[in-house]
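Here is the structure we will look at.
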Amino acid sequence: MALIVQKYGGTSVGSPERMKNVVRRVAKFKALGHQIVVVVSAMSGETNRLIGLAKEMQAQPDPRELDMVISTGEQVTIGLVSMGLMQEGLKAKSYTGAQVKIITDSAFTKARILSIDEQNIRADLANGYVVVVAGFQGIDSKGNITTLGRGGSDTTGVAIAAALHADECQIYTDVDGVYTTDPRLVPEARRLKTITFEEMLEMASLGSKVLQIRAVEFAGKYRVKLRVLSSFDEEGDGTLITFEENDKMEQAIISGIAFNRDEAKITVRGVPDKPGIAYQILGSISEANIDVDMIIQNVGVDGTTDFSFTVHRNEFDKAMDILKNQVQSHIGARDVVGDNKTAKVSVVGVGMRSHVGIASKMFRTLAEEGINIQMISTSEIKISVVIHEKYLELAVRVLHKAFDLDQEPA
Ligand code: ADP
Ligand code: ASP
Ligand code: MG
């Protein structure tokens with residue numbers, strides 16, 4: 001007997017018919033003697049619909065009230081899936097995040113899970129129930145409903161698996177695993193049988209939304225066995241996230257290509273080149289709870305320098321506003337310019353550690369297509385470039401081919 005957490009995404013619970021499909025799978029696992037916790041997302045499109053409604057009421061929806069609204073999508077699916085399980089003759093019980101006591105911080109719309117009280121779930125499982133938990137939501141210490149950021153049901157699934165010391169956390173979605181790149185953009189993309197935790201962390205943080213990054217972080221921290229699978233296939237092993245770099249001798253140097261269309265670039269020009277400037281620029285941005293991604297500062301010339309960084313496109317206007325109205329004159333910068341038509345493409349692979357020439361191959365491949373690189377950043381296992389958004393698809397396709405990702409590794 002194993003304890004398994006199964007998370008089903010929006011498409012997998014997109015209609016009553018699809019929910020019945022979920023029910024059948026859960027019943028199958030239950031019949032094998034396993035204990036099952038099901039974590040579900042809202043029906044596909046529902047969270048977007050709710051955000052749309054909120055925006056009709058208030059141009060910039062109040063974050064607390066927005067979470068009140070968008071957390072309701074998951075409450076619908078937990079009830080419906082539980083009903084389906086009962087209809088199939090199983091004992092089932094649904095829980096919202098607050099009912100479980102998934103305690104988060106108070107960062108509305110992007111809250112972090114602080115703790116999970118797993119006592120009730122354990123008791124229900126011991127009594128033969130399938131427990132159905134709402135993904136994406138929690139409650140802060142003051143009792144406010146919070147949500148975990150888009151794609152956050154993955155994180156609920158992994159966090160519950162960690163709290164219960166589950167044998168496995170299975171993420172069921174609309175693709176049958178993690179691919180070399182998004183198969184919707186590159187049809188030649190291949191499913192990876194395994195991917196290391198480190199690589200998955202990079203892929204997720206660089207834009208591969210197949211898993212929310214915090215879910216991968218949780219899996220790493222608590223050593224949760226994590227697998228991505230298709231909710232539409234009866235069979236298949238999906239992709240296992242591994243903690244060892246086994247078989248890496250035979251693996252490609254690059255495991256995957258991630259991309260992010262939501263990048264916006266900001267440059268503060270003519271900044272005095274002296275201590276404390278980076279802090280004054282980025283401190284004000286972080287106080288506004290805006291996440292900063294790539295950061296580049298030029299070598300100072302004539303006592304001044306340029307300072308560039310990227311933020312999520314949704315936060316571009318807010319960040320520009322802060323810099324122009326609060327920071328620019330305060331630090332004596334010449335001006336602040338921005339471009340929200342940028343995108344980021346990254347190649348990821350642990351094999352980079354032992355191979356040279358990956359960066360030059362990447363840059364040559366892009367140059368041959370006439371794609372200008374605006375920013376570069378590297379780590380031990382990834383190289384990212386910021387380019388104009390209109391070249392994104394082309395860049396991903398040519399890099400996928402250049403690094404032989406469309407071929408099975410020898
Ligand atoms: P769910 O609703 O089940 O959480 P998501 O839409 O959040 O599903 O994530 C699955 C999607 O992630 C796929 O449909 C695919 O388009 C996209 N995706 C992006 N990068 C990858 C990748 N490297 N491998 C597989 N899927 C990817
Ligand atoms: N329903 C939420 C969203 O659309 C959470 C999730 O699906 O993981 O982002
Ligand atoms: Mg998702």
Side-chain angles (χ1 to χ4, degrees), residues 6-14 18 21-22 38-52 66-67 69-78 97 109-111 133-138 146-160 169-195 199-216 227-232 236 238-239 241 254-262 344-349 392-393 396 399-400 405:
Q6 299 188 331
K7 178 263 170 176
Y8 292 91
T11 322
S12 311
V13 294
R18 288 193 170 162
N21 211 24
V22 169
V38 178
V39 174
V40 282
S41 295
M43 295 168 76
S44 59
E46 181 61 9
T47 309
N48 285 343
R49 189 185 72 88
L50 293 167
I51 292 172
L66 182 59
D67 276 356
V69 173
I70 64 179
S71 62
T72 60
E74 274 72 11
Q75 190 170 336
V76 172
T77 40
I78 53 171
T109 75
K110 48 184 174 186
V133 179
F136 183 52
Q137 54 175 262
T146 56
T147 66
L148 310 179
R150 299 308 303 268
S153 299
D154 295 336
T155 303
T156 307
V158 179
I160 286 188
C169 180
Q170 302 173 338
I171 306 285
Y172 287 94
T173 182
D174 55 6
V175 280
D176 64 349
V178 178
Y179 278 64
T180 47
T181 192
D182 189 341
R184 286 182 210 288
L185 194 76
V186 182
E188 294 79 25
R190 276 184 310 108
R191 178 175 63 86
L192 299 163
K193 293 190 184 76
T194 63
I195 182 167
E199 288 170 326
M200 193 64 239
L201 198 59
E202 288 283 12
M203 291 281 279
S205 78
L206 296 167
S208 299
K209 68 165 189 165
V210 61
L211 284 176
Q212 199 200 35
I213 177 159
R214 285 182 187 164
V216 187
R227 196 183 283 280
V228 178
L229 297 143
S230 162
S231 71
F232 301 111
T239 301
I241 320 300
I254 300 301
S255 294
I257 298 177
F259 56 87
N260 182 3
R261 301 173 194 276
D262 302 322
K344 182 171 68 176
V345 182
S346 313
V347 298
V348 176
L392 178 66
E393 258 191 71
V396 176
L399 290 171
H400 195 267
L405 290 176

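Start at 1 and go down the list; that is how both ligands and their atoms are numbered.
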Name the option, out of [options], that contains the heavy atom nearest to [atom].
atom	options	value
atom 5 (P) of ligand 1	K7, R191, R190, K209	K209
atom 2 (O) of ligand 1	G256, G10, A189	G10
atom 25 (C) of ligand 1	S208, A215, S41, G177	G177
atom 27 (C) of ligand 1	V228, L185, V210	V210

Just do the side-chain contact (heavy atoms from CB on, under 4.5 Å) check on Y172 and K7 with the steps written out, would you?
CA-CA 6 Å; Y172 287 94; K7 178 263 170 176; over 6 Å; no

With a 4.0 Å cut-off on heavy atoms, is G151 touching ligand 2?
yes

Does even one non-hydrogen atom of G152 get within less than 4.0 Å of ligand 2?
yes

What do we get for T181 next to ligand 1 when only non-hydrogen atoms under 4.0 Å count, side chain, backbone, both or neither?
backbone

Note: S12, heavy atoms under 4.0 Å from ligand 1, region reported as neither

Out of S231, S44, S230, S41, which residue meets the side-chain hydrogen bond (donor to acceptor under 3.5 Å, both in side chains) rule with S12?
S231

Test side-chain contact (heavy atoms from CB on, under 4.5 Å) applied to R184 and D174, step by step
CA-CA 11 Å; R184 286 182 210 288; D174 55 6; 3.0 Å; yes

Could you tell me, atom by atom, which parts of ligand 2 come under 4.0 Å of a heavy atom of S41?
6 (C), 7 (O), 8 (O)

Could you list which atoms of ligand 2 come closer than 4.0 Å to a heavy atom of R150?
3 (C), 4 (O), 9 (O)

Could you check [atom] against the protein and tell me its nearest heavy-atom contact, residue, atom and distance included?
atom	value
atom 13 (C) of ligand 1	D174 OD1, 3.5 Å
atom 21 (C) of ligand 1	D182 CA, 3.7 Å
atom 24 (N) of ligand 1	Y179 N, 2.8 Å
atom 14 (O) of ligand 1	R184 NH2, 2.5 Å
atom 1 (P) of ligand 1	T173 OG1, 3.5 Å

Is the closest N or O pair between [X] and ligand 2 shorter than 3.5 Å?
X	value
K7	no
E74	yes
F136	no

Ligand 1 atoms nearer than 4.0 angstrom to some heavy atom of V178 are 24 (N)

Reported [atom1]-to-[atom2] distance for the pair [X] and [Y], which is rounded to 0.5 angstrom:
X	Y	atom1	atom2	value
L148	T155	CG	OG1	6.5 Å
T194	I241	OG1	CD1	9.0 Å
R49	M43	CZ	CE	10.5 Å
T173	F232	OG1	CZ	8.0 Å

Walk me through whether L206 and F259 qualify under side-chain contact (heavy atoms from CB on, under 4.5 Å).
CA-CA 6 Å; L206 296 167; F259 56 87; over 6 Å; no

Backbone N or O of A189 within a donor-acceptor pair of the T180 side chain at under 3.5 Å?
no

T239 side chain to K193 main-chain N or O, any donor-acceptor pair under 3.5 Å?
no

Who pairs with T72 by side chain to side chain contact (heavy atoms under 4.5 Å, CB included), at least two apart in sequence or on another chain?
L50

Nearest heavy-atom contact between D176 and R191 is O-CD, 3.0 Å

